[in-house]
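The analysis underlying the following values was restricted to heavy atoms, covering all of them including side chains, and did not include hydrogens, waters or symmetry mates. In this chain, residues are counted from 1 in sequence order.
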Amino acid sequence: MMKTAIATLLTATLTALLLAASHAGAAPRIVELDRVVAVANDNVITLKELEQRMETIKLQLQQASRGDVPPDDVLRPQVLDRLIIERLQLDRAIESGIRVEDEEVNRTISRIAADSNISLQEFREVLTRDGVDFASFREDIRNEMIISRLRSREVENRVKVSDAEVEHFLESRTGRDTERVQYRLSHILIAVPEAASPEQVRKGRDEAEEILTQVRDGADFREMAVAHSDGQQALEGGDLGWRSREELPTLFADAVSGMEAGEVTDPIRSPSGFHLVRLEATRGQAEHLVQQNHAQHILISTNELVSDENARARLDRLRDRIQAGEDFAALARTHSDDKGSASRGGDLGWSNPGSFVPAFEQVLDKLSPGEVSQPFKSDFGWHIVQLIERRDHDNTEAYNRNRAHQALRKRKAEEELQSWLRRLRDEAYVEIRLE
């Protein structure tokens with residue numbers, strides 16, 4: 001496959017040369033239509049593909065308002081490395097039988113357009129105006145979806161976080177600190193192979209220390225990240241965004257303790273290589289309040305014997321009786337088909353946002369304390385609901401437990417992803433032909 005692709009490119013170049021030489025009176029000259037800039041297993045990456053991706057990345061950097069776009073000779077190796085990693089992941093996805101159908105791609109693109117509050121046709125026009133070929137964009141979206149599914153299968157679905165880990169984290173000083181503080185970090189990784197020789201380790205450390213010296217002498221950290229970092233966020237200037245402490249790799253979390261904004265750590269050694277971390281800013285975290293509802297309801301289920309009209313009519317009569325002074329709880333015990341709450345007089349207890357299906361929650365949120373709704377339909381049947389009371393509840397403890405679980409899982413997944421990508425690259429045949 002690789003030989004065939006290279007032969008095709010050579011044939012195209014030779015044809016261009018012959019056509020150029022055939023012009024009457026014209027001296028022979030080289031017209032380079034394309035060339036191979038990298039080989040990754042059986043894949044070739046051409047100069048045209050690289051330049052197209054370069055334009056896309058530069059456009060993204062400009063739109064993100066991240067300052068000046070790095071020069072091409074700095075950006076090109078980073079973009080090429082990202083293309084290589086993408087190809088290796090797509091190869092693995094094909095081997096694993098992962099596919100994304102056209103209809104799924106269409107729905108995703110339509111959702112992207114809708115999120116921008118424009119029609120699909122307007123979205124295509126915007127891409128064309130920005131010099132982006134829609135067919136190429138569509139395939140990029142498909143590849144991103146394929147890679148996302150591959151990573152879920154190979155990395156994320158294998159990451160587990162136990163209750164004991166959450167408890168240990170929340171009881172630790174780090175866990176208590178994360179209830180109050182978030183960090184904005186930037187990061188540079190100088191990668192070394194998994195089984196690096198002493199010479200490779202020394203070379204990686206020397207490069208990290210040289211970059212650190214330049215940064216402390218005034219070099220822009222973002223530009224150094226774009227130029228030198230092997231991290232996944234290199235083309236974003238190494239920006240890791242806002243993260244709570246538990247969302248940071250453990251080495252980073254320990255290193256930034258006590259740092260001031262603008263400070264950069266000494267090189268940090270990890271299995272991936274050497275890291276430089278810059279603390280951009282910190283911010284406090286307030287308590288987490290949620291609005292809770294205490295309600296009771298009566299459910300009439302529909303079936304072959306009870307139609308929608310019958311269910312609604314029964315609830316209308318029950319609502320009239322409640323409005324006339326009869327006890328809601330007593331009627332719920334007698335008439336409600338929700339066996340779980342009927343024995344409690346229809347009492348649903350205190351509920352957090354998102355506890356009920358949308359149709360139920362939308363009606364409940366509009367009620368005032370003591371008010372009984374009109375009959376309405378949900379996926380479970382027909383209801384009337386009474387709001388007993390509403391309160392603001394400090395949900396910080398439950399929120400922090402859930403956030404700690406998610407963040408610990410995210411931390412593990414990111415560390416495993418970095419290791420997995422490194423193994424994928426180390427096990428592949430990669431040849432760079434970029435001059």
Side-chain angles (χ1 to χ4, degrees), residues 40 53-54 57-58 60-61 64 66-67 69-70 74-89 144 147-148 151 154-156 159 183-194 196 200-201 203-215 219-243 245 247-256 259 263-280 407 410-426 428 430 432:
R53 182 62 65 87
M54 286 273 292
I57 294 294
K58 287 193 286 188
Q60 290 172 348
L61 291 175
R66 299 181 183 273
V69 176
V74 171
L75 199 58
R76 190 172 285 110
Q78 289 282 16
V79 176
L80 180 58
D81 188 69
R82 182 170 289 189
L83 280 170
I84 290 170
I85 293 297
E86 285 179 9
R87 293 297 175 83
L88 296 177
Q89 291 176 92
E144 287 179 11
I147 289 173
S148 177
R151 290 181 175 183
E154 297 288 336
V155 179
E156 295 169 14
V159 173
Y183 301 87
R184 180 75 178 266
L185 302 182
S186 295
H187 165 243
I188 293 174
L189 167 64
I190 304 303
V192 297
E194 191 166 9
Q200 289 172 314
V201 173
K203 183 178 178 182
R205 182 184 291 108
D206 289 347
E207 184 177 353
E209 290 177 347
E210 172 60 25
I211 293 171
L212 177 61
T213 298
Q214 293 184 48
V215 168
D220 184 88
F221 192 95
R222 173 186 168 276
E223 293 179 2
M224 298 298 284
V226 172
H228 301 286
S229 180
D230 297 311
Q232 289 294 297
Q233 296 82 18
L235 291 174
E236 290 74 45
D239 185 9
L240 299 179
W242 285 104
R243 300 190 184 194
R245 188 177 179 111
E247 292 177 302
L248 298 173
T250 305
L251 290 172
F252 294 5
D254 294 339
V256 300
M259 286 177 57
E263 284 190 72
V264 181
T265 65
D266 291 329
I268 302 170
R269 180 72 166 101
S270 82
S272 299
F274 292 91
H275 308 261
L276 298 175
V277 179
R278 173 184 164 94
L279 177 60
E280 303 294 345
K410 181 179 179 182
R411 175 196 288 180
K412 284 186 173 184
E414 287 185 349
E415 292 172 348
E416 178 57 31
L417 175 61
Q418 190 66 40
S419 298
W420 180 74
L421 289 175
R422 186 178 66 249
R423 291 195 300 271
L424 195 65
R425 176 70 181 263
D426 290 346
V430 176
I432 305 296

S.K.: Taking C-beta and beyond as the side chain, do Arg243 and Tyr183 meet within less than 4.5 Å on heavy atoms?
M.R.: no

S.K.: Is any side-chain heavy atom of His228 less than 4.5 Å from a side-chain heavy atom of Glu210?
M.R.: no

S.K.: I need the Ile57 CD1 to Arg82 CZ distance, nearest 0.5 Å.
M.R.: 5.0 Å

S.K.: Any chance you could lay out the salt bridge (charged side-chain N to carboxylate O under 4.0 Å, His left out) test for Arg222 and Asp239, step after step, and finish with the verdict?
M.R.: CA-CA 8 Å; Arg222 173 186 168 276; Asp239 185 9; over 6 Å; no

S.K.: Please check if the side chain of Thr213 supplies one atom and the backbone of Glu209 the other of a donor-acceptor pair under 3.5 Å.
M.R.: yes

S.K.: Classify the angle between the aromatic ring planes of Phe252 and His187 as parallel (below 30°), tilted (30 to 60°) or perpendicular (above 60°).
M.R.: tilted

S.K.: By side-chain hydrogen bond (donor to acceptor under 3.5 Å, both in side chains), which residues pair with Glu156, not counting sequence neighbours?
M.R.: Ser152

S.K.: So how far is it from Met54 CE to Leu83 CG, rounded to the nearest 0.5 Å?
M.R.: 10.5 Å

S.K.: I'd like to know if the side chain of Arg411 reaches the main chain of Leu248, judged simply by a donor and an acceptor atom lying under 3.5 Å from each other, with no hydrogens or angles considered.
M.R.: yes

S.K.: Within the structure provided, determine whether Val201 and Arg205 are in side-chain contact (heavy-atom separation under 4.5 Å).
M.R.: yes

S.K.: If you round to the nearest 0.5 Å, how far is CD1 of Ile85 from CG of Leu80?
M.R.: 10.5 Å

S.K.: Start with the C-alpha gap between Gln418 and Glu414, add the side-chain angles, then the distance that decides, and say whether side chain to side chain donor-acceptor pair (under 3.5 Å) holds.
M.R.: CA-CA 6 Å; Gln418 190 66 40; Glu414 287 185 349; over 6 Å; no

S.K.: Quick check: do Glu207 and Ile188 have side-chain heavy atoms less than 4.5 Å from each other?
M.R.: no

S.K.: Checking Leu421 against Arg151 for the side-chain contact (heavy atoms from CB on, under 4.5 Å) test, could you report, in this order, the C-alpha distance in whole Å, the side-chain angles of both residues, the deciding distance, and whether it holds?
M.R.: CA-CA 10 Å; Leu421 289 175; Arg151 290 181 175 183; 4.0 Å; yes

S.K.: How long is the gap from CZ on Phe274 to CG on Leu189, to the nearest 0.5 Å?
M.R.: 10.5 Å

S.K.: How long is the straight-line distance from CG of Asp254 back to OG1 of Thr265, given to the nearest 0.5 Å?
M.R.: 12.0 Å

S.K.: Could you give me the CA-CA distance, side-chain angles and deciding distance for Arg269 and Val192, then say whether side-chain contact (heavy atoms from CB on, under 4.5 Å) is met?
M.R.: CA-CA 10 Å; Arg269 180 72 166 101; Val192 297; 3.7 Å; yes

S.K.: Do Val277 and Leu240 come close enough that some side-chain heavy atom pair is under 4.5 Å?
M.R.: no

S.K.: With a 4.0 Å cut-off on N to O distance, would you call Glu416 and Arg423 a salt bridge?
M.R.: yes

S.K.: For Leu75 versus Lys58, what's the shortest heavy-atom pair and its separation?
M.R.: CD2-CG, 3.4 Å

S.K.: For residues Lys412 and Val159, report the shortest heavy-atom separation together with the two atoms involved.
M.R.: CB-CG1, 3.4 Å

S.K.: Could you walk me through whether Ser272 and Arg422 pass side chain to side chain donor-acceptor pair (under 3.5 Å), step by step?
M.R.: CA-CA 8 Å; Ser272 299; Arg422 186 178 66 249; 3.2 Å; yes

S.K.: Looking at CG of Leu88 and CG of Asp426, how far apart are the two atoms once the value is rounded to the nearest 0.5 Å?
M.R.: 10.5 Å

S.K.: Mark yes or no for whether Gln78, through its side chain, and Ser229, through its backbone, hold a donor-acceptor pair below 3.5 Å.
M.R.: yes

S.K.: Under a 4.5 Å cut-off applied to non-hydrogen side-chain atoms, are Leu276 and Ile190 in contact?
M.R.: no

